[in-house]
Trainee: 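Please find one structure pasted underneath; my questions will follow.
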Number of protein chains: 2
Amino acid sequence: MSRPKVVIVGAGFGGLTAARALRRDPVDVVVIDRANHHLFQPLLYQVATAGLAPTDIAYPVRGLLRRAPSASFRLGAVSSIDWSERVVSTTTGDSWPFDHLVLAAGARTADFGIPGVAEHAIGLKTVGDALRIRSHLINGFELADRDPSLVAAGALNVVIVGGGPTGVELAGAITELYSKVLAKDFPNLDVSATRIVLVELAEAVLSPFAPKLQDHAAAQLRRRGVELRTSTAVTEVSPDAVVLADGERVPVGTVVWAAGVRAEPLAEQFGLPAARGGRIEVGPDLSVPGYEGVWAIGDLAASYDDAGELLPQVAPVAMQGGRHVAEQIRRRVQGRPSTAFRYRDKGSMATIGRRAAVAQLPGGVLLRGTLGWLAWLWLHLVTLIGFRNRVSVLVDWAWNYLTWDRPGRLLLVAEEDPGTGGLAPQSGINGRDVAGGHEAAEGE
Amino acid sequence: MSRPKVVIVGAGFGGLTAARALRRDPVDVVVIDRANHHLFQPLLYQVATAGLAPTDIAYPVRGLLRRAPSASFRLGAVSSIDWSERVVSTTTGDSWPFDHLVLAAGARTADFGIPGVAEHAIGLKTVGDALRIRSHLINGFELADRDPSLVAAGALNVVIVGGGPTGVELAGAITELYSKVLAKDFPNLDVSATRIVLVELAEAVLSPFAPKLQDHAAAQLRRRGVELRTSTAVTEVSPDAVVLADGERVPVGTVVWAAGVRAEPLAEQFGLPAARGGRIEVGPDLSVPGYEGVWAIGDLAASYDDAGELLPQVAPVAMQGGRHVAEQIRRRVQGRPSTAFRYRDKGSMATIGRRAAVAQLPGGVLLRGTLGWLAWLWLHLVTLIGFRNRVSVLVDWAWNYLTWDRPGRLLLVAEEDPGTGGLAPQSGINGRDVAGGHEAAEGE
């Protein structure tokens, strides 16, 4: 009898964890992803602000699976699934029969139908997004260096929509990039006249955090010069302005859309039961009801905690889901019944800037300021996949901390031509990644 | 009286050295370059083979000029020079009046009119070139993973044209990438069936080196599996083959053109006296005859040694020329006469792979093997501009050495879509860089 075949769609936190958990099992695993690298997405905002290099937080999937003899990798995206023959086909012409199918394709930036977002804002889900933001910010300064009236016109202003951890961390990092690095690179420009605006629909930033931590984060952001607009909706994004619900037009050069995500549209495409945000409905064991041997995890899956709340779309849920599904596949192979998934919340963290972070740990432990920041540093270092990346991130962070430098401020992305007289158009959320067709790549 | 104005075209080794040498002089210096970064070009082949990140060898010019109070930077390319009004105009609409003009725009890849080179080969002069080579090699392996018959068809073969240090170092690094890294990433492919061919017109690789070192380099390359074709010309490059002068067609996936460079065409564009390879004729003091206060240095200039030989287009000539011209400008400002430039040859080096390099030092000292390699390592570390880059390169090199890893093998460049069934066309030498319009950027 041949070994059971496991197809995993997505090499993000969920898919990769599942593949590695099955590394010595008597199964054949293939991982499919549109990108050839796994991405440590929580630090993507540091690539966007020139503090880290893409290689610091991205690592080739094939390298990560080398010690998993049962697993192989294939570049590609799913184009169709034949549920009766139990075969997954990809855009690259591959066909993969499966006994178990793990759907871990993740989520992409969602614009909620707000006009102009898809055309004029940049998301923050892929390496391409981060490099686009970086390049767009720095090119704006180069243009303003030739025509300083652009500063007053708002061409260096940044509006970040979404006050969750991504938006908060990015806002803090941009203020540091502007005031400590670019202000020195461009001594002729009045960088203090630029505006960094963080827009959030809810009453406070960092909604799921304790009010004490929300207040601390808000105070730290304000202290760094971020304009906070809570309880505020965006009604439209134009090439040079963001229109708020109260009618104000904020002139802007760069709009980052961190207001939310939508699951990759696999439920819709392949007729699976869908829940809120396009997520795939799963049973207590993370199997898809009515589809034998089909599982969904991470941002793509709608799983619930004991209180009946949808679990958040964060890395720990995906990783724990990946481990759980690997265990369920092992049990099925051994003829044992499946067990229910229980998510163990290990807390949440967000950093605002140097020596300023908030951390909410289990048991009601709240950390902020330097202590929160050290906890944040430690957690991110130990969870960064791959020893080498950890050394390299540590070196980069130590350098950046000691010198306030951001060595990554190179203009390398194709989109903006320094020869043009104006700011080139942004390429929109879920635009093509720097690598062709990797938009909001699976599992990232 | 206002301070004399110095315009430097190009932020490569020559232009940057000149600007830094004038940092405390009573002059106003502006450096113009199409790229916003200085590039340590001698290590570009390691970016192409995924061993170093672009940020390891590129650094923002503005950061490098921070401690030069007399100097500023402007992104752009020269579009015209008004010799009577003494004004340089740029593609970005700037006009810069000058008392002294230092032309340091460097060289670009030259195809010598050989058919197909411009369309189907990749140069190795810019970060964009290096990322294109990297991406093209890795994408070839991903395609062959789906269709292993591509290996026999030659889609993973690499032909490097040009047996100078760039070609030799790249050939050695590609054999290591193939045999030690990609062979493990792609266990289903017969990587040993791929061909790495180095084509050189002269009778030996590394022409300017001593015969003993040439032989050592050739032996080391052969030992690593490189096919050497010396005394061989290329007559045509097609999308899937390189045609040699003896009529042989070498099937190929990637062609790297390292056969030579041509000066940036400033002599031609602006009516300056031209010498071989488009280089600008200069007098013994590096001034352009007949053009008061105009200087040319580095790859762009035709300067001669005591024996009447044209100086090579290498970094040390550019750096010494930059220092010399800075001193001449200083002397003119002080009303003193100019002095002649004397190039001091400090030797040449090339590395073939781990613990294999050749070094030719002054006084007839020849090093090879491990000793040559250590000398090479040391020289490149101490000359890499910027302390931070040195730390980061050291960490990367130590990691790569100990683990044989190449963490940079990420597919990030736009050109190749993993969804296409065949190898995407290469974008040619002097193609658009990853950053718009940075082809063979000035001073790089």
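To find a chain, count down the sequence lines: A is the first, B the second, and so on, and within it residues start at 1. If you're wondering where the values come from, they're calculated on a predicted model, not measured in any experiment.
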Trainee: Looking at B/Asp405 and A/Arg66, is there a salt bridge between them, counting it only when a charged N and a carboxylate O are closer than 4.0 Å?
Mentor: no
Trainee: Tell me, for B/Asp185 versus chain A, whether the close heavy atoms (under 4.5 Å) come from the side chain, the backbone, both or neither.
Mentor: both
Trainee: Go through the steps to decide whether A/Phe141 and B/Arg62 satisfy the test side-chain contact (heavy atoms from CB on, under 4.5 Å), and finish with yes or no.
Mentor: CA-CA 12 Å; A/Phe141 275 80; B/Arg62 291 180 186 277; over 6 Å; no
Trainee: Between the main-chain N or O of B/Arg74 and the side-chain N or O of A/Arg146, is there a donor-acceptor pair closer than 3.5 Å?
Mentor: no
Trainee: Looking at CG of B/Leu411 and CG of A/Leu75, how far apart are the two atoms once the value is rounded to the nearest 0.5 Å?
Mentor: 6.5 Å
Trainee: Write down the atom of B/Pro60, the atom of A/Pro407, and the distance for their closest heavy-atom approach.
Mentor: CD-O, 3.8 Å
Trainee: Checking the side chain of B/Asn36 only, and the main-chain atoms of A/Arg409 only, is there a donor and an acceptor separated by less than 3.5 Å?
Mentor: yes
Trainee: Under a 4.5 Å heavy-atom cutoff, which of B/Thr90, B/Asn188, B/Ile138, B/Asp94 has the most pairs with chain A?
Mentor: B/Asp94
Trainee: What are the two closest non-hydrogen atoms of A/Thr55 and B/Ala53, and how far apart are they?
Mentor: OG1-CB, 3.6 Å
Trainee: With a 4.5 Å cut-off on heavy-atom pairs, point out which of B/Asp147, B/Asp396, B/Thr403 contacts chain A the most.
Mentor: B/Asp396
Trainee: Where does B/Val61 contact chain A at under 4.5 Å (heavy atoms): side chain, backbone, both or neither?
Mentor: neither
